[in-house]
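Here is the naming used below: chain letters follow the sequence lines, and residue numbers restart at 1 for every chain.
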Amino acid sequence: MSNPIHQFEITPYIPLHIGGLDVSFTNSSLWMMIGVFLSVSVLSLASKKRALVPGRLQMFAETLYEFIANAIRDNIGSEGRRYFPLVFTLFVVVMLGNSLGLIPYSFTYTSHLIVTLALALIIFITVLVIGIARHGFHFFSLFLPPGLPVWLIPLILPIEILSFIVRPITLSVRLFANMIAGHIMLKVFAGFSVGMVAAMGGWGYLAAIFPMFFNTVLIGFELLIAFLQAYVFTVLSCIYLKDTIHIDH
Amino acid sequence: MYVMKTINLGVMGVLLSLPTTPSFASDSVVLDEIGHDSVAHEVEHATSSGLPQFDPTWFASQVFWLLVSFLLLYVIFAKKTLPNLSSTIDRRRKQIESDVETTQKLTKEAEAIYEAYEENLKDAQLKARAVVINMENDLKAQADADHKKFRDKAEETILKTEISIEAAKVTALKDIQAIASEIASETVKKLIGHKIDSKNVESIVSSLVKTPETKKKPSKKAA
């Protein structure tokens, strides 16, 4: 119970195999589906009424809409509108993964590197495919900054290519590391409380209040991190998606 | 530029992943403190397979279900939710714009009406003033006319009265002369016992009456 790593373990609920791959329905899948259900039901309910004067729920949905729209407008430009559903979905998936994970006994699917890597790869592959489809071979001039002296090309080109390839890794590791660190910290402090009771008995209940209080503060902090990391992930994806539209050289 | 950005991101990544190391350290401390059998067993289990995140058993399942939920959300958002929201927001923006336009139009109309009202008011004031001035002039003329008429009448009456007074005076003088000459002739008759011709008496009397008047005037001046 006090093992802080235990919360990341995956438990299969429904065994499922497709083409030799084990795609069983697990606790991770369950919380992804809970996220899908929650976001679709809330946003559908909020956008169904189409009221000219919005209620609370519709206001919430419209604020979210404007928030993502602004992030796209600021980071990609007006042409970024075509990526709106993609960026919106990305934000919702990451945000829900981060915040649903803060519910006790839930599962944080964004604390798994493979999940964040898959999300980052969705963006990476989108950038690569759409970039090449739109700009052809010219897309690779991305690796040659404008005004670069010819003799610097052998030095800069590998660095630029590496920085391009490393994008999905930094993107996914950042989110994964933040989530795993936060959740371990929460669990460790909760473990302190339990440990104090186990070690000291009656007085332990009194002493256990302090780590509990600290945990309360941490939960607030983790909520901020949950939002911040979802925002960072979204904004960086926008910056990467910008390369498919503007190649200024 | 790009190099800089990447270096920054790399540093961020390293910094953000740092807290994991102390957490791992502290968790082993906690576990040492507690030291329960079941916990020890779990620790053994966990350490034997490392972090669950790096256990490839569930990689396929994780990716599969993530793609399923991502696609599901993407399709629902792109086809339904987002168009709904954007159309609502657009409709509101248009409504607000048209409302603002109507407001501006109505304001302009109101201003035009106010201007017309002001002009009418000014006209009415001018007309009223003209009417008042005309009326004053009329009344003045009327009063002047009445005044003149009254004065003429009064002057005429005064003149008539003066004439009648003058006439009365003349008659009175004549009467006085007649009486005087009578008295004179009577007196003479009694004195001398002889009657004098009445015509002579009259002329004498009248000369006597007139002379003192003519004589009196220069004497008054001399005095």
Side-chain angles (χ1 to χ4, degrees), chain A residues 1-6 8-10 21-26 28-29 32-33 35-36 39-40 43-44 47-48 50 52 61-62 65 84-86 88-89 92-93 109 111-115 118-119 122 145 156 159-160 163 166 170 173-174 176-178 180-181 184-185 188 191-192 195 198-199, chain B residues 1-3 5-7 9-10 12-13 16-20 23-24 26-27 30-31 33-34 36 38-39 42-43 45-47 51-70 72-74 76-82 84-89 91-92 95:
Chain A
M1 185 205 163
S2 295
N3 182 359
I5 305 299
H6 180 253
F8 303 118
E9 264 168 27
I10 287 171
L21 281 174
D22 183 1
V23 291
S24 304
F25 191 83
T26 63
S28 171
S29 326
M32 287 176 190
M33 285 302 139
V36 169
S39 54
V40 165
L43 287 175
S44 297
S47 63
K48 198 177 70 184
R50 295 166 164 233
L52 218 55
E62 282 179 17
Y65 180 99
F84 190 75
L86 179 69
F88 192 86
T89 311
V92 168
V93 167
Y109 58 79
S111 69
H112 274 247
L113 186 58
I114 186 70
V115 174
L119 283 169
I122 289 174
I156 297 295
I159 294 174
E160 288 285 340
S163 76
V166 97
T170 54
V173 168
R174 183 181 304 107
F176 154 73
N178 267 282
I180 196 172
I184 287 174
M185 202 143 71
V188 163
F192 276 149
Chain B
M1 179 65 194
Y2 267 108
V3 181
K5 205 189 285 172
T6 336
I7 287 170
L9 296 180
M12 266 171 80
L16 294 173
S17 60
L18 264 179
T20 53
S23 317
F24 287 134
S26 61
D27 90 40
V30 183
L31 297 169
E33 272 177 13
I34 299 161
H36 275 297
S38 60
V39 174
E42 268 187 34
V43 170
H45 173 73
T47 44
L51 270 179
Q53 275 86 341
F54 299 120
D55 174 13
T57 319
W58 304 111
F59 278 5
S61 155
Q62 296 265 64
V63 173
F64 173 76
W65 286 104
L66 177 75
L67 289 181
V68 166
S69 44
F70 197 92
L72 215 61
L73 282 181
Y74 185 90
I76 293 169
F77 286 160
K79 293 275 174 258
K80 212 181 125 217
T81 316
L82 296 177
N84 266 2
L85 281 172
S86 75
S87 78
T88 311
I89 291 169
R91 202 156 55 93
R92 180 179 309 121
Q95 176 76 49

Heavy-atom distance under 4.5 Å to chain A: side chain of [X], backbone, both or neither?
| X | answer |
| --- | --- |
| B/Gln95 | side chain |
| B/Ser87 | side chain |
| B/Ile76 | side chain |
| B/Leu72 | side chain |

Q.
Quick check against the 3.5 Å criterion: does A/Tyr109 have a side-chain atom that pairs as donor or acceptor with the backbone of B/Leu66?
A. no

Q.
For the backbone of B/Pro52 and the side chain of A/His112, can you confirm whether one donor and one acceptor N or O come within less than 3.5 Å of each other?
A. no

**Q.** Taking every non-hydrogen atom, the tightest pair across B/Arg92 and A/Leu52
**A.** NE-O, 2.6 Å

Q | Closest non-hydrogen atom pair, B/Trp65 against A/Ser29 | A | CD1-OG, 3.1 Å

**Q.** Among B/Val63, B/Ile89, B/Thr57, residue most engaged with chain A (heavy-atom pairs, under 4.5 Å)
**A.** B/Ile89

(Q) Heavy-atom cut-off 4.5 Å, strictly under: side chain, backbone, both or neither for A/Phe176 against chain B? (A) side chain

Q.
Need one label for A/Ile122: side chain, backbone, both or neither, based on atoms under 4.5 Å from any heavy atom in chain B.
A. side chain

Q.
Holding to ring pair (Phe, Tyr, Trp, His ring centres under 6.0 Å), I want the full list of residues that pass it with B/Phe59, two or more places apart in sequence or in another chain.
A. none

Q.
Tell me every residue that passes side chain to side chain contact (heavy atoms under 4.5 Å, CB included) with A/Phe84, counting only those two or more places apart in sequence or in another chain.
A. A/Tyr65, A/Ile68, A/Ala69, A/Ile72, A/Phe88, B/Leu82

Q: Using a cut-off of under 4.5 Å on heavy-atom pairs, state which of A/Val93, A/Leu86, A/Thr26 scores highest against chain B.
A: A/Leu86

